[in-house]
Structures are given as structure tokens and as C-alpha cells.
Amino acid sequence: MELDTVLMSRLLTALTLGFHIIFATIGVGVPLMISIAEFIGIRKKDPHYTMLARRWTRGFIITVAIGVVTGTAIGLQLSLVWPNFMQVAGNVIALPLFMEVFAFFFEAIFLGIYLYTWDRFKPFTHWLMSLPIVLGAGMSAVFITTVNGFMNTPDGFEVENGQFVAVNPIEAMLNAATPTKVFHVLSSAYLTAAALLAAIAAFMILKKKASDYHKKSLKLMMTMVFLFGALNVLAGDVSAKFLAEHQPEKLAAAEWHFETEEGADLILFGWLNDAHEVRGEIRIPNFLSFLAHGDFNAEVTGLEETPQEYWPPLWVHYMFDLMVMIGFALVGISLLFLVFSWFKRWNEHNRPLLWLIVASGPLAFLAIEFGWIYAEEGRQPWIIRGYMTVEEAATTSPYIGWMLLLFLGLYIVLGTACVVVLRKLFRNNPAEDELEKHYPGIEKGDHS
Amino acid sequence: MSYELIGIAVLWIFLYGYLIVASIDFGAGFFAFYAKITKKDHIVSQLISRYLSPVWEITNVFFVFFFVGVVGFFPDTAYYYGSALLVPASFAIVLLAIRGSFYAFENYGSKQSTVYLFLYGATGLLIPASLSVALTLSEGGFIVEENGAVRLQYLELFTSPLSWSIVALALVSVLFISATFLTFYANRANDQPALNLVRNYALFWSTPTIIAALTAFIFLSQHNERHFNNMMDLWWMLGLSVGFFMVAMWLLYSERNYGLAFVSVMLQFFFAFFAYGIGHYPYILDPYITIQEGATNPAMGIALVVAFLGGLVLLIPSLILVFRLFLFDADYVKGKK
């Protein structure tokens, strides 16, 4: 039986990336939080923050391991599953892929040093070792995102007889999609990492008594959620404006905006009937024009201007809406927390608010997944927009379905093992005990 | 020197680097497991984990660097190897993933378990065996392109004596390189019982290494005469390789200068590996991809070379720092830090 190898190829890549981006997001975002906590610990001479950095690092390294091995998997799968894409695209976009490896190499080296030198270096020197990790992780994200940008708005080459010629690798890297994509990827990674760590702190406060350690962690991370959440909303806004200009069909598909018009409405949720009419939606007048061009009366290009065979699937509307909803919700929750902690008489550690914060951790990861699905599906049917479709790029190997099962098994094992190991690591070793062991007499305010 | 030659030279050097660091890692996994089942784990496990813990990720990056670089410099490799290797490379990824993550879980997470050590030891042998298949394939005759579709001829591959002799060579080389390194490391740590044990491993695996190398060489002469003759023209490199092997053996026997012994083993493999690589020229995949025709466009080639030089400026000082902290810091090696 001839199974659809293209579909299998897409599923395999979706599976690997969908799993990998969870760990990649942690890998990019958490080092910054660790570095900030360690720095505050040094500045305030407060061992609570140092202990935060230590314990986060211990958990972080487990997720890094999975990030590394799944990153290796996707790196190889690009060639294994999409050989035709890599053969063509390799000529134009190999540079950032290559530099990504360097950035990652750099990060890996300093991660090894950082892990094993807590007690060998002076605190400040040790903190300095965290900077290359933050930088390397961030640059990895930047380089990989330029590749994704290239797939959306290819640039830096000309086509002659089906060959990519007159290649300019720098132009390909700095394509039109790169600035806004990089901004959005980084802001959302930092936001998600902060939301994750805040959720852990909130959960601990809910389950046990509220110790200073967890309270400080929560306050610091909620501040970060608010900061990066606000930046992330801005990144989303400029991304929409980029789409309106350079990739209008992607924005139009997300918004079910079929006809080009001025003063376009923003559509939330709802459904489509057979005649492509929107039903049951929440309509915000003129807001799509504002989102697309910063002007409530601007003209927004509709899907009608793209031939229907090149339309992205219309269900990406839901992915887009869910991503945006969560993005705003995270800012709202963090703002609420900050307002509560600003007024002395209000208790920011009340149970409903803490549960909201606990929920914001998984929600942030869901938003990452929704946003990523939107970014990839919104580009369909293209793998390199305007030049190569995913169908042309896929492998012809009949074994691809079996590989899908093989990797599904692998990720189930890795995901389960990761959770088991992390639970084991922290369950019988609460922060309070560890603080007492490392800094005897900490309750008396003695920081030596 | 043209950019494609610089490219292949750089990649080959990195592959050599991976060969050495990965062999140490893979072999250490096997020895750790072997020591456990022969109830000698208390002697070596500490030593092995002290070296491996800070560097396992770095080892992995050498490999990633190689395949990303190959596809960058020679995009045709993505098409031919990518299409043909879907199944074997996927299995190699799964093995690497299990090894890497379970190493981290065990090391940073929880206590030792035999199941984990078994996985760690077994993958240490299976991964080099599966990766070495790529070398066999490059000799030609196993990957064919028909009607615009590339496929791998599994039957030919699995019945080829060349393929099995290369697998055997990969396995014994891994164990030999790793044992020599651990001998050096044990000596630095002043750990006499561990030193005796791993030195015996090194001596034991030395003879099979040479026998396997000769066998593979003979089968190569039958499979790809051109490559074999090219290598014979590089007789002096092969001679140097054997010479350094003798030096290493002599040092190991006379129980001195283990550092030099390990360097000799590195040089032994350096010359053999480069004689093999230079003899392969100009093919990356016989007969489909040559270095000249398979190379990327000049703009990308030069950009990659520049990026590479820039990367080295960052990496070399960082690597020196790692080595000083974990390999050449006597107190760390001895477990005092």
C-alpha cells in the first residue's frame, strides 16, 4: 500500500519539532533567569537567590540533555526527511545553520564549566561564566530563526534554470522576516521560562507553607513575566505588521479575512460555513487594520488575492487566536500579581491568584506550540515560499512511516524519563533543607 | 587553496576530533559496564565519570558540527546520503538520544543502576558500529540512483565483507583509544588500582586494532581499487601510523609517559585517518559526489570559511579553558575539587 510519504514526513518533523521546542524554549529562556538570580544573590548578598540559581541549574541540565539530543535529531532529520529541500536551500541558507552549531558549541562548553565550578570560582567569576551560556543560547535561537525566516520570505539569490544562483548568504539570513521573528521568538522564550519558574514557585507555596525562598522566587519571576510579556505583545504586534506587508495570506488566513477592505474587523474564534462565511465570532471593529498597519482605516489584503491552491489551511485561525489570548492573559496575571504586592494590605499570595500563576506555566508552553503551528501551517503549501512546496521537498523513502513510530516511541521514553528524574531530583530535597545545609544559621540573617 | 578544499579539510579535521573524543566517551561506557559485571566498578567508575561529566555535550557537538558542515559545504550530500540513510541514521539518532539523555539523567539525577549502565555500555558499541556504515557507503556500490530516486541496497551492504570489517575496526579502535586515554587520566589522578586495570584494557585491545585495520585495508583493495591504490601512494603516512602505534605500545609496556602514549595513539589514528581521507579524494560519495562538483556556490563557501574562522576565535580559548579546568588541573583530576 502506498502510504502518503509527504504526510508522514510532515508528521515526523512536526513530532520532533513539537517535542524539541519545549526544551529549546527552556534552553533559551532559563539561563537568563539563572544568571539574573545569581547576580541578585551576589549584589544583595542574599543566599536565597544563589540557591535559586543553583537549584534551577540542576533541573535545567536535565532539560538541556533532552534539548541537545532532540536538536541533534532535528538537525539530521532536515537532511533525512527533506533531502531535496536541504540540497537546494543548503546553497543559500547553510551559513546560519553552521553558525548555530558554533553558538551551541560555545554554550555547551561554558555550561560544562558553569556546572562544575560553583565552589571552585569566586561568586562573581562564576556568575561571569553564565553570560556565555545566555549569549550562546540566545544566538542559537537567532540563527535558527533566520532559517525559518528564510523559508517564509526567501531572499539573497536568483533562480536560473531551476538552480539558485547569485547567492548572497548574508542577505538570505537577514531576510524580511528575520527581525520580527527573532524578536518574537526571544521574547516568548524568556516569557515562557519565567512563567514556568513562577508556576513552580506558586505551586510550592500552595502545597507547603510560604517560605521566603519561594516568595522571592515568585516575585522575581512574576516581574520577569510582566516585563517579557509586555515585550512579547509588542513583538506580536510588529510581527503582524510584518505579515501584512510581506506575507499577507498568512495574516489573512489567521484572521479569516477573505476580501481586501479598509477598516477591517478583528475576528476572534467563531467558525466558517461552507460558503466561507464567518459565524459565531467576536468582532472587534477596525482592529485588524490597526493590527496590520497601525491605522484603523488602513486597507488589509484579503485571501482573495492569493490563488486558492496556495491558501494556508484555514484552521490556523484558532491557533492564532489561542496564542494571542494566552499572550495577553500572561501579561494580565503578572500585572495582577504586581498590583497585589504593591498594596501592602492586599495579599498577593492568595490561593486563586497562585492557582492562576500555576496555570500560566503550562499555558505559556501551549502558546509556544500554538504559535509555532501557526507559523509553520501558515506558510503552507510552501517549504520555501514561492519556490518549493513541501511536497517537492520530502523524501521518497517508503520507510518514513516506521520512522515516525520509532521516534514517537523515543519521545515518549524521553519525556517520561525527564519527568521522573526531575521529580526524584527535587522531591526529597526541599530548598529549605538545602539552604540550611549550605548556609547554617540563615534564619538569623547571617549570610556568611 | 580553493574554498571546497578548505571546507573538506576542516570537516575532516573535525571528524577526526570527533573520532578521538567520541571514542573516549563510547569506550568509557563499555568499560564502565564491563567493570560492573566483573565487579571492578569501584575501581574505575569514579575516574570515568569525573572526566566525562563536564564534556559529554561537547563530544556531541563535534558530531553535529560535522554533519551540518558537510551539508553546508556540499549540499548534494543532503540529497544522496539523506535519502539513502533515513533508516540507519534514524536508528543512530535514537541510540545517541538514549545515550546522551540517560547519561545526564543518571549523572545529574539519581543513583547508579545496572540497567542504565547496560544501556550506556551497549550504545557505546552500537553507535560507532552504525556510524561507521557511512564510511562504507562512501566507497560506492551501496547507494544507487534509479529513476530519480536514491536508495540504499541493504542486501549488498549486509553481505559485504568490507562493511563488517569497517564495523569491527570501529569497535576495537574505540576500545583501544578509550583505554589509552583512561590510562593517562588514571595516572594523572595517581589512582594506581585504576591505572593497572585500564592499562591492561589498553594492552589487550592493541593487537586487535592492528589486525582489524589490516583486514579492512585488504577488503578495501577488493572493493575500491582506486581508493586502495591512492592510499598505497601515501605509504609514508601509513608507515608513520604504524610507527606511532609501536611507540604507544612500547610506552604502555614499559609503564611510563602515559601522556605521550596517548598522544602517539592520537597520531597513529591521525595519519591513518588522513591517509584514508586523502586517498578518497576527490569523491565524497563514489561515484555521485566529488568535492569539486558537489561543492556549494563560491559566495556561500567563502562565507562558511569566514564564519568558521570567526568561530574558532571564540572556541579555541574556551576549549583551552575547559581542558585546563578538567583535564590538566591535577587537583580536579584527583577528585580534590
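Within every chain, numbering begins at 1; the chains are lettered A, B, ... in the order of the sequence lines, protein sequences first and strands thereafter.
A heavy-atom distance below 4.5 Å is not found between the side chains of A/Val69 and B/Leu96. Side-chain atoms of A/Met403 and B/Phe91, non-hydrogen and from C-beta on, do get closer than 4.5 Å to each other. With a 4.5 Å cut-off on side-chain heavy atoms, B/Ser90 and A/Leu80 count as touching. The shortest distance between side-chain heavy atoms of A/Phe110 and B/Ser318 falls below 4.5 Å. Using a 4.5 Å heavy-atom cutoff, the side chains of B/Leu314 and A/Phe105 are not in contact.
The residue among B/Ala89, B/Gly72, B/Ala299, B/Ala97 with the most heavy atom pairs within less than 4.5 Å of chain A is B/Ala97. For the options B/Phe62, B/Phe67, B/Phe65, heavy-atom pairs under 4.5 Å to chain A are most numerous at B/Phe67. Counting heavy-atom pairs closer than 4.5 Å to chain A, the top-ranked of the candidates B/Leu86, B/Val68, B/Thr296 is B/Leu86. Note on A/Gly90, A/Pro169, A/Ala65: by heavy-atom pairs under 4.5 Å with chain B, the leading option is A/Pro169. Most heavy-atom pairs under 4.5 Å with chain A, from the set B/Ala92, B/Gly100, B/Gly301, B/Ala303: that is B/Ala303. Of all the listed residues (A/Thr395, A/Leu414, A/Asn91), the one sharing the greatest number of non-hydrogen pairs under 4.5 Å with chain B is A/Asn91.
In this structure, chain A has heavy atoms under 4.5 Å from both the backbone and the side chain of B/Asn297. For chain A, the nearby part of B/Phe63 is the side chain; its heavy atoms alone come within less than 4.5 Å. With a 4.5 Å cut-off on non-hydrogen atoms, B/Ile302 does not touch chain A at all. The part of A/Val92 that comes within reach of chain B is its backbone (N, CA, C, O), which places non-hydrogen atoms under 4.5 angstrom from that chain.
Residue A/Ile109 holds its CD1 atom at 5.0 Å from CG of B/Leu315, rounded to the nearest 0.5 Å. Rounding to the nearest 0.5 angstrom, the gap separating the OG atom in B/Ser83 from the CH2 atom in A/Trp82 is 12.5 Å.
Atom CD of B/Gln292 has more than 12 heavy atoms from other residues, nucleotides or ligands within 6.0 Å. In the displayed structure, B/Glu293 atom CD is contacted under 6.0 Å by at most 12 heavy atoms of other residues, nucleotides or ligands.
Minimum heavy-atom separation, B/Val71 to A/Met86: CG1-CE, 3.5 Å.
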Is there a side-chain contact (heavy atoms from CB on, under 4.5 Å) between A/Phe102 and B/Val61? Walk through the geometry before answering.
CA-CA 9 Å; A/Phe102 272 110; B/Val61 184; over 6 Å; no
